[in-house]
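Each chain gets a letter, A, B and so on, in the order the sequences are listed, and its residues count up from 1.
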Amino acid sequence: MNSLQRIAAAIRFQETDRVPVIAQVFGHAARIGGVPLADYVRDGETLARCQLKALRHYRYDAVFSVMDANVETEAAGSVLRYPRDQYPVIERYALPEGTHWDGLAVPDPLCAGRMPEMLKALTILRRELGDEVAVIGCILGPFTLATQLLGMERTLYLALDDPPRLAQLMDFATEVVIRFGLAQLQAGAHLSMVFDPSASPAVIPPSFFREFELPRLQRVFRALSEAGTAANWLHIAGPAAPILPYYAKAGVQIANFDYVVSVDEAATQLPGTCCDGNIKPLLFAEGSPADVEREAIHLLRAFRNRRGFILSSGCEIPPEAKPENVAALATAPSGKGQ
Amino acid sequence: MNDSQMNSLVAAILEGDCAESVLRAGQLRAGGVSAQSIVMHGIEPAMSALDGKCTLEEFNLLEIMLAGRAVTEVMKLLYPSGSATTITKATVVIASLEGDVHDLGKNILKMVLTGSRYRVVDCGKDCPLPKLMEAVEKEQPFAIGISGLITHIIPLVKQVKELLRIRGLERVKVLAGGAALKQSSPEKLNVDFVAESAFDCLHYLEALAGDGQ
């Protein structure tokens, strides 16, 4: 069983030779590759080379072409600053105070901002790995992109002050991420993870998620499915338990759950959906290999009878994680504890 | 004091209705209610109610931001010069440290503490440690609140207590919170308290104040 087959079997709740491991290694791969994060997130070849090096080092089941959460908003006009060893930050939002967003043009992934570099990385990764290892891209959820276009505070105020305007902006964001997601599949991704941290119940009430975000996520996942994605993966960090029941309706096949959501909550609320999670991300920086292994074994045992599980962290493994801790995650399903 | 009007102010803040909150506060002032009384009997109870929701895990950023905006506007009405003359419980210096440009969590802490009658000195986001120490030496606060969304700043957080010790300011409590920092522990961050939320910070400060520290 190769990595892609292993993940596909887990999604279908079938037996696997071992539980698949998707370590959410994004910027950490730059550390492994010995390059500044600012270079990693701007150059597709560098990103792909670092991902391949990290894969050879850790031997987990998936690689990512993920730069940061600002790719779409930069392509739409936001101005970023690139600190050498950190993820870029937004200096000026695409839609500053006083601007209108009627008639905004959806960015072309082949030429807008860093989108082409992300696509290039996917093409290289797929060319190198074929169908052996899962090659995963990333798009933002529509609400998260809205917050990246406008700023979190203004987006939240808009939710109360002018819901139709927010809906209009989210429709635009939906078109942006669908176009980018389809381009990622075309470039070589087996699937594109939908990263939607701002849709967490820590940020918006579940009722808001149901009314505003769910229908747009349905559109996104429907479009990706029609284009032949290997699976629909939704990644919402934080206390997501209250919105898990909506995932099946959205078309989600892999559901990330963070460390603040219990195994019982995830398994109960997602009876037919493959779960991935949920080791505390900071443990990879602060803990020891024994700590990571202990948490991994706990998860593997909890999901043993249910199946439909991918061992992972609750969110991104921090760039400054200790390599021996990431290695402990990767080897846990093959270890003696199993 | 008109209890019904004060209750309406509390309700408007909890609804996140900014215009209504300002209107109600204005009516109370016109009726002769002091600014301090409005803070104590209008804003503080609203903060307590929000705190209760937080404990029940119904808390989300949208509601707290909207309530926060209402509180900010009411405070502007009550203290147009920007300097609250209300008796404050203590001074707290807050910051997001250098490298962290996210300040939403810090701003929420500011709102929660201000609404609970703490004097808050905001050092802003992307704040270098020397600037933070300068503010601490000048303001002589009861505590420092550090908000952190990214793990990158953890090495800076770990230095804060030592920098205080060098300056003879060991008595100043150091509180940490935010998505990255709350995954850690006081021992690992070398701070006095790691808060799950802004209200968790408030509880810690209130408990210390109750102990007479």
Asks: Which answer fits B:I64, side chain, backbone, both or neither, if we ask what part of it has an atom under 4.5 Å from a heavy atom of chain A?
Replies: neither

Asks: Quick check on A:P206 against chain B: is it the side chain, the backbone, both or neither that has a heavy atom closer than 4.5 Å?
Replies: neither

Asks: Atom CD of residue position B:E139 - does it have more than 12 heavy atoms of other residues, nucleotides or ligands inside 6.0 Å?
Replies: yes

Asks: Name the option with the most non-hydrogen atom pairs under 4.5 Å to chain B; the candidates are A:P319, A:A237, A:P281.
Replies: A:P281

Asks: Non-hydrogen atoms of chain B under 4.5 Å away: do they reach the side chain of A:E320, the backbone, both or neither?
Replies: side chain

Asks: Against chain B, label A:Y87 side chain, backbone, both or neither, depending on which of its atoms sit under 4.5 Å from a heavy atom there.
Replies: neither

Asks: Mind checking the CD1-NE2 spacing from A:I90 to B:H102? Nearest 0.5 Å is all I need.
Replies: 8.0 Å

Asks: Between A:L160, A:T155, A:V89, who has the most heavy-atom pairs with chain B when the cutoff is under 4.5 Å?
Replies: A:L160

Asks: Any side-chain heavy atom of A:L156 sitting closer than 4.5 Å to one from B:L61?
Replies: yes

Asks: Would you mind checking which part of A:A285 comes under 4.5 Å of any heavy atom in chain B, side chain (CB onward), backbone (N, CA, C, O), both or neither?
Replies: neither

Asks: Side chain, backbone, both or neither: which part of A:P83 has an atom under 4.5 Å from a heavy atom of chain B?
Replies: neither

Asks: Rounded to the nearest 0.5 Å, what separates atom CG in B:L189 from atom CD in A:E286?
Replies: 6.0 Å

Asks: May I ask you to check whether over 12 heavy atoms, not counting those of A:R92, lie within 6.0 Å of atom CZ?
Replies: no

Asks: Any non-hydrogen side-chain atom of A:V203 less than 4.5 Å from a side-chain atom of B:N60?
Replies: no

Asks: I need the A:M152 CE to B:L62 CG distance, nearest 0.5 Å.
Replies: 10.0 Å

Asks: On a heavy-atom basis, which atom in A:D161 and which in B:R69 lie closest, and how many Å separate them?
Replies: OD2-NH1, 2.8 Å

Asks: Pick from B:A180, B:G99, B:S185, B:G16: which one has the most heavy-atom pairs with chain A under 4.5 Å?
Replies: B:G99

Asks: What's the spacing between B:Q183 CD and A:F284 CZ if we round to 0.5 Å?
Replies: 10.5 Å

Asks: Decide yes or no for A:L282 and B:K182: does some side-chain heavy atom of the first lie under 4.5 Å from some side-chain heavy atom of the second?
Replies: no

Asks: Is any side-chain heavy atom of B:N107 less than 4.5 Å from a side-chain heavy atom of A:E153?
Replies: yes

Asks: Is it true that atom CZ of B:R171 has more than 12 heavy atoms of other residues, nucleotides or ligands lying nearer than 6.0 Å?
Replies: yes

